[in-house]
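Structure first, then comments.
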Amino acid sequence: MHSMTIIRNLCAHGSRIYNRLFEQKPSLNKREKALLMRDSSGNIDNAHFYGFFLVMKRLLSADKFNEMKKSVIALTEKYPFVRMDYYGFRSDWQQKI
């Protein structure tokens, strides 16, 4: 829940999450960590928004999460110039989660 509080506070106060590195990283299980991007040395990138997105998958019902995922996909199609990797999303994220 702490992860969601961080995101909620940022959004409620007009802060950006695009290309933001989070000091407080969400606690992820092994399966979720496998879905994160890795840097050139093989370390996982859990400092971007995508880690929080994975927490939402765990907390929401499958229907609610799929609805949110469809909304994010629609936004990426509407604004193709927004780079999802700046949020920490892998290029294959839509198929993986």
Side-chain angles (χ1 to χ4, degrees):
M1 292 308 296
H2 187 248
S3 298
M4 297 303 95
T5 302
I6 292 168
I7 297 299
R8 182 252 171 234
N9 287 341
L10 288 170
C11 293
H13 297 286
S15 295
R16 69 174 173 81
I17 58 173
Y18 185 72
N19 203 25
R20 181 185 198 104
L21 294 176
F22 291 90
E23 296 260 340
Q24 298 241 274
K25 298 168 183 78
S27 177
L28 301 174
N29 61 39
K30 188 176 181 179
R31 185 172 178 269
E32 292 164 339
K33 286 179 182 176
L35 297 172
L36 295 173
M37 289 194 316
R38 297 190 177 273
D39 63 18
S40 59
S41 62
N43 296 320
I44 61 169
D45 175 9
N46 192 18
H48 285 91
F49 174 72
Y50 188 56
F52 294 88
F53 191 75
L54 293 173
V55 170
M56 288 181 224
K57 182 178 184 203
R58 188 180 343 137
L59 295 176
L60 295 173
S61 68
D63 290 341
K64 291 289 183 188
F65 181 77
N66 286 331
E67 184 179 320
M68 182 178 70
K69 181 181 170 185
K70 286 179 187 175
S71 296
V72 171
I73 291 169
L75 285 170
T76 63
E77 291 168 354
K78 185 175 180 179
Y79 303 104
F81 55 87
V82 175
R83 294 185 47 184
M84 293 303 285
D85 60 323
Y86 280 26
Y87 290 103
F89 284 69
R90 297 166 32 151
S91 59
D92 62 350
W93 73 272
Q94 294 178 28
Q95 295 80 30
K96 293 290 182 181
I97 61 169

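In this text the structure is predicted, and so the values were computed from the model without any measurement.
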Side chain to side chain contact (heavy atoms under 4.5 Å, CB included) evaluation trace for Trp93 with Ile73:
CA-CA 10 Å; Trp93 73 272; Ile73 291 169; 3.7 Å; yes
Find the distance between CD (Gln94) and CE (Met84) and round it off to the nearest 0.5 Å.
8.0 Å
Return the NZ to CG distance between Lys25 and Leu36, rounded to the nearest 0.5 Å.
11.5 Å
Could you tell me if the side chain of Lys33 sits less than 4.5 Å from the side chain of Asn46, heavy atoms only?
no
So, do Leu21 and His48 sit near enough that their side-chain heavy atoms are less than 4.5 Å apart?
yes
Does the plane of the ring in Phe22 sit parallel, tilted or perpendicular to the ring in Phe52? Use 30° and 60° as the thresholds.
tilted
For the residue pair Phe81 and Tyr79, does the interplanar ring angle fall in the parallel (under 30°), tilted (30 to 60°) or perpendicular (over 60°) class?
perpendicular
Do Met37 and Tyr50 land in one hydrophobic cluster if side-chain heavy atoms of ILVMFWY residues count as linked below 4.5 Å?
no
Spell out, yes or no, whether Leu10 and Phe89 are grouped together once hydrophobic residues are joined by side-chain heavy atoms under 4.5 Å, including indirect joins.
yes
Mind checking side chain to side chain contact (heavy atoms under 4.5 Å, CB included) for [X] and listing every partner two or more places apart, or none if nothing turns up?
X: Ser61; value: Asp63, Lys64
X: Lys96; value: Leu35, Arg90, Asp92
X: Lys70; value: none

Please name all residues satisfying ring pair (Phe, Tyr, Trp, His ring centres under 6.0 Å) with Phe49, sequence neighbours left out, ordered by chain then number.
none
Using the ring pair (Phe, Tyr, Trp, His ring centres under 6.0 Å) criterion, which residues pair with Tyr18? Sequence neighbours excluded.
Tyr86, Tyr87
Can you check side chain to side chain contact (heavy atoms under 4.5 Å, CB included) on Phe53 and Ile97, steps first, answer last?
CA-CA 10 Å; Phe53 191 75; Ile97 61 169; 3.3 Å; yes
Apply side chain to side chain contact (heavy atoms under 4.5 Å, CB included) to residues Leu28 and Arg58 and explain how you reach the verdict.
CA-CA 10 Å; Leu28 301 174; Arg58 188 180 343 137; 4.0 Å; yes
Salt bridge (charged side-chain N to carboxylate O under 4.0 Å, His left out): which pairs involve residues 2-21, sequence neighbours left out?
none
